[in-house]
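Read through the structure below, which is laid out as structure tokens, and then see the notes.
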Number of protein chains: 2
Amino acid sequence: MQDSIKLAGIREIAEALSISNGTVDRALHGRGGVSAKTAARVLKMAEELGYRPNLAARALKLNRRIRIGVQLPKQIASFFDPLRSAIRSAATASRGFQIALDFEEYPRLGHGDVELLTRVLGRPSDQRYDALIVTPGNPARVDALLTSIARSGTAIICVASDAPRSERLASVAVDAYTSGSIAAELLARTLPNGSVATITGDLTTLDHADKLRGFAATLATLAPHLTLLTAVESHDRAEEAYRQTVALLKRRPRPVGLYLSTANSIPVLEAVREHRMAGKIQIVTTDLFNALLPYIESGDVLATLYQRPQTQAKIALETITSYLLEGTLLNPVTRLAPHIILRSNLPLFLDHVTERQISRGVSF
Amino acid sequence: MQDSIKLAGIREIAEALSISNGTVDRALHGRGGVSAKTAARVLKMAEELGYRPNLAARALKLNRRIRIGVQLPKQIASFFDPLRSAIRSAATASRGFQIALDFEEYPRLGHGDVELLTRVLGRPSDQRYDALIVTPGNPARVDALLTSIARSGTAIICVASDAPRSERLASVAVDAYTSGSIAAELLARTLPNGSVATITGDLTTLDHADKLRGFAATLATLAPHLTLLTAVESHDRAEEAYRQTVALLKRRPRPVGLYLSTANSIPVLEAVREHRMAGKIQIVTTDLFNALLPYIESGDVLATLYQRPQTQAKIALETITSYLLEGTLLNPVTRLAPHIILRSNLPLFLDHVTERQISRGVSF
DNA sequence: TTGAAAGCGCTACCAT
DNA sequence: ATGGTAGCGCTTTCAA
């Protein structure tokens with residue numbers, strides 16, 4: 001198969017119609033100031049000649065500096081730190097134009113996010129963000145704000161969770177429902193009778209609620225022999241998670257399986273170890289970071305569901321740049337499959353938890 | 001965090017040193033015709049000013065049409081067809097310059113590849129490939145050829161398998177050893193005592209041999225209770241696979257687990273079904289395609305290890321373009337983690353087996 | 001060895 | 001409503 005020989009630019013269209021390239025440009029982009037008739041002729045000819053804009057020329061001419069705000073929580077650092085650094089390296093790798101990143105942090109999901117978002121609206125117009133990357137916590141509290149910001153001309157990209165009822169441009173996240181579902185299938189395959197418990201962050205966060213729904217649904221389908229206990233919310237705090245785990249371990253009968261749906265898993269695992277329950281309770285965790293490695297290697301953790309921050313960052317930035325530069329919205333909603341990390345494939349992911357994630361070579 | 005205010009181009013360096021931008025360009029790229037002294041001054045100043053080339057301008061000026069040859073086997077189509085179409089869409093999405101793809105096919109791995117490779121060397125110089133994407137079969141037979149092609153100025157990218165002893169520029173593949181290892185871990189978790197069998201393509205193909213090594217090693221570690229039968233080679237042919245499966249099913253004691261390390265799984269699954277062994281033998285397969293879906297949904301297949309052709313294509317093209325345009329070799333060796341697809345996460349991958357993989361939005 | 005300048009295709013501005 | 005043109009930063013050619 002051979003591709004076409006040569007491709008038409010604005011100049012070719014203009015010549016073919018004996019009009020000026022300025023007019024062609026206006027017509028192609030609907031900038032107005034063109035009669036409906038010529039506009040139609042231009043569009044038709046563009047189609048005929050198979051016009052494809054030269055993006056290098058466009059980028060060079062516009063020479064834009066895209067300014068992107070990034071508002072992410074500090075907690076849980078084991079997820080958001082890699083996400084931040086992946087955003088940084090994805091921005092550096094961007095071809096054709098400069099990306100200026102403005103990182104802002106707040107303590108944790110749902111605490112301080114509203115304040116930061118509000119501040120975005122107050123920015124002087126010469127410092128307006130072209131795009132804003134956020135992880136929405138409770139949609140009820142941020143939907144309206146996100147919509148205002150979007151209407152003020154800043155494209156909003158939700159990462160790691162979503163606020164579907166706001167006017168965000170796009171959303172990138174792991175499919176939360178499926179994450180829960182995988183956890184349930186893995187536990188269902190491994191466990192005999194008994195009850196299983198889940199520890200999550202905060203059920204007002206969409207991502208956390210969806211994980212639980214998926215978990216419950218698949219458990220009911222695939223493992224009628226397992227009972228699901230009421231979900232525990234740790235609010236992504238270490239102490240709470242520890243305390244709640246201890247309480248769970250004191251229940252009789254003791255749960256035989258555990259699904260930890262946020263990266264706040266270490267306190268739980270410590271509590272389990274201290275009560276000498278390691279290996280006796282099957283545990284599925286979320287995400288991947290240094291402190292978790294020994295638990296996977298030892299088999300204390302059956303599997304962890306990795307939310308692929310690098311991939312999320314890459315897609316978020318691709319979405320932003322192709323929207324701002326080409327005007328095309330690639331995919332309003334991306335739902336990634338989490339990586340299922342077991343003992344056998346753990347080595348392949350070790351790159352992701354070291355400093356190497358900052359370097360350029362890492363692709364996923 | 002605020003990024004730097006403005007960035008230096010060639011012009012700025014030239015002005016700072018009161019020389020012409022032509023000289024600066026020559027010095028920066030070591031094109032010769034520059035005195036060692038000025039070259040050093042330029043390099044130093046570039047460093048000082050934090051020079052970053054404007055890739056849009058470079059692309060515009062060069063306005064290159066990169067010509068890429070793609071030589072992949074027809075069989076097994078369920079893997080290579082998606083790979084081909086992913087290469088096509090990744091090329092279309094490339095910003096800043098044209099990519100001309102030249103697809104060539106041969107019957108199957110190891111049959112006809114040498115002939116096609118040989119033909120590359122005979123191409124007239126004005127039709128030279130800038131890069132060549134191949135899946136090497138038996139390295140003993142292609143290593144020398146690949147090296148010749150590489151030396152003739154065509155960058156070689158291996159996809160789906162590797163020829164590490166050739167002078168290929170880069171290689172992108174699923175980590176084969178780990179794939180085998182995952183299969184073993186999954187079977188080990190599920191099976192009681194018994195023997196397990198593997199059906200592969202051809203053990204001279206590196207990818208196939210590595211899968212087997214990983215499978216055997218992990219089985220020995222994690223499942224001493226399972227015996228591994230000698231590997232069966234189906235040479236990626238349907239009839240052979242069917243026949244060999246029937247033979248396996250007649251063995252006593254009958255194997256309790258099966259690892260199919262290539263996409264040539266349907267004949268095997270059919271044989272198993274016809275012998276009413278579905279669900280009684282745990283099976284791990286490779287890759288994902290329409291015909292496989294019902295087997296996963298029914299539970300006949302415990303899991304399939306998806307080799308992510310879209311991702312491989314994307315990385316291959318990124319590697320090529322950044323090498324040809326920027327002169328940087330991103331990652332000589334990329335080893336992807338296969339996706340472990342179970343019943344619970346299958347829905348997330350359905351996009352990948354429909355026609356949608358041709359559209360632009362799909363990222364993985 | 002170095003300088004000067006053209007021009008890649010597009011956008012945007014000014015003129016008509 | 002349309003035409004004409006400068007200029008983005010780089011590479012390359014021609015001249016000195």
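Quick caveat, the model's predicted, so the values are computed rather than measured. Labels below follow one simple rule: chain letters A, B, ... track the order of the sequence lines, proteins then strands, and each chain is numbered from 1.
- As judged by a 4.0 angstrom heavy-atom cut-off over every strand, B:Leu60 is placed among the base-contacting residues.
- Across the protein-nucleic acid pair, B:Asn54 atom CG and C:dC10 atom P stand 17 Å apart, rounded to whole Å.
- Note on B:Arg41 versus B:Glu48: no salt bridge recorded, every NZ/NE/NH1/NH2 to OD/OE distance being 4.0 Å or above.
- Taking the side chain of B:Leu62 as heavy atoms from C-beta on, and the options D:dT12, D:dA1, C:dG9, the nearest nucleotide is D:dT12.
- For A:Asp25, taking side-chain heavy atoms from C-beta onward, the closest of the listed nucleotides C:dA12, D:dT2, C:dT2 is C:dA12.
- Remark: P of D:dG7 and CD1 of A:Ile10 are 19 Å apart, rounded to the nearest angstrom.
- Computed from coordinates, the A:Tyr51 OH to C:dG9 P distance equals 11 Å when rounded to whole Å.
- A:Glu15 and A:Arg11 are joined by a salt bridge, as a carboxylate oxygen and a charged side-chain nitrogen come within less than 4.0 angstrom of each other.
- Listed candidates were C:dG3, C:dG9, C:dC10. Nearest to the side chain of B:Ile19 is C:dG3.
- Of the charged side-chain nitrogens involved, none lies within less than 4.0 Å of a carboxylate oxygen, so that B:Glu104 and B:Arg84 do not count as a salt-bridged pair.
- Put simply, NZ on B:Lys61 is 15 Å from P on C:dA5, counting in whole angstrom units.
- Set against D:dT2, D:dG9, C:dA12, the side chain of B:Ala57 has D:dG9 as its closest nucleotide.
- For C:dG9, its base never sits under 3.5 Å from the side chain of A:Arg52 at any donor and acceptor pair.
- Going from atom CZ of A:Arg58 over to atom P of D:dG9 covers 18 Å, rounded to whole Å.
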